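Read through the structure below, which is laid out as structure tokens, and then see the notes.
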Amino acid sequence: MPDRMTLYPVADDVLLAPGGRVVIRTYGVASAAGPDDGRPRPVTYRTWVTGVRDQPRYWHWCHFEEARTGHRRVLDWLTGRGPKPQPVTGG
């Protein structure tokens, strides 16, 4: 299945924390174009945070601009400059 997905990088950041590295990745993901119609599939955007002790954290965004803004908000939250971001709801 991974060969049938297309990833669209939006932003990548790495923070060095006392407990180790924290990686923040935001990307779009879509199924490959269907062989029948050749049309591209809708893209969904996600931000993944790994390296946080509790668990990997994940946010879902609806559009590219929301993903860019969301990525920045996640960085601000992790560095203590803002509140924990809420995922965008709606289409």
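Every value quoted in this text rests on a predicted model; they were computed, and no experiment measured them.
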Please answer: with hydrophobic residues joined when any side-chain heavy atoms are less than 4.5 Å apart, are Tyr8 and Phe64 in the same cluster?
yes
Is a donor from one side chain sitting under 3.5 angstrom from an acceptor on the other, for Trp59 and Tyr45?
no
Decide yes or no on side chain to side chain contact (heavy atoms under 4.5 Å, CB included) for Val52 and Arg57, but give the supporting numbers first.
CA-CA 8 Å; Val52 177; Arg57 297 188 188 277; 3.9 Å; yes
Heavy-atom nearest pair, Ala17 first then Val22, reads CB-CG2, 4.3 Å
Do Arg73 and Lys84 come within less than 4.5 Å of each other through their side chains, counting heavy atoms only?
no
Smallest separation among heavy atoms of Trp61 and Gln86, with atom names:
CZ3-O, 3.6 Å
Would you say the side chain of Val29 lies within less than 4.5 Å of the side chain of Arg46, judging by non-hydrogen atoms?
yes
Apply side-chain hydrogen bond (donor to acceptor under 3.5 Å, both in side chains) to Thr79 and list each qualifying residue two or more places apart in sequence or on a separate chain.
Arg81
Please find the pair of heavy atoms, one from Asp13 and one from Leu75, that lie closest to each other, and give the distance.
OD2-CD1, 3.3 Å
Is Val23 linked to Tyr27 within one hydrophobic cluster, defined over Ile, Leu, Val, Met, Phe, Trp and Tyr using a side-chain heavy-atom separation of less than 4.5 Å?
no
Looking at every heavy atom in both Val10 and Gly28, which two are closest together, and how far apart are they?
CG2-N, 4.2 Å
If you round to the nearest 0.5 Å, how far is CG of Leu15 from CZ of Arg21?
10.5 Å
His71 versus Ile24, closest heavy-atom pair with distance:
CE1-CG2, 3.4 Å
Quick one: OG1 on Thr26 to CD on Glu66, what's the gap to the nearest 0.5 Å?
12.5 Å
Might you point out which heavy atoms bring Pro85 and Trp77 nearest each other, and give the distance in Å?
CD-CB, 3.7 Å
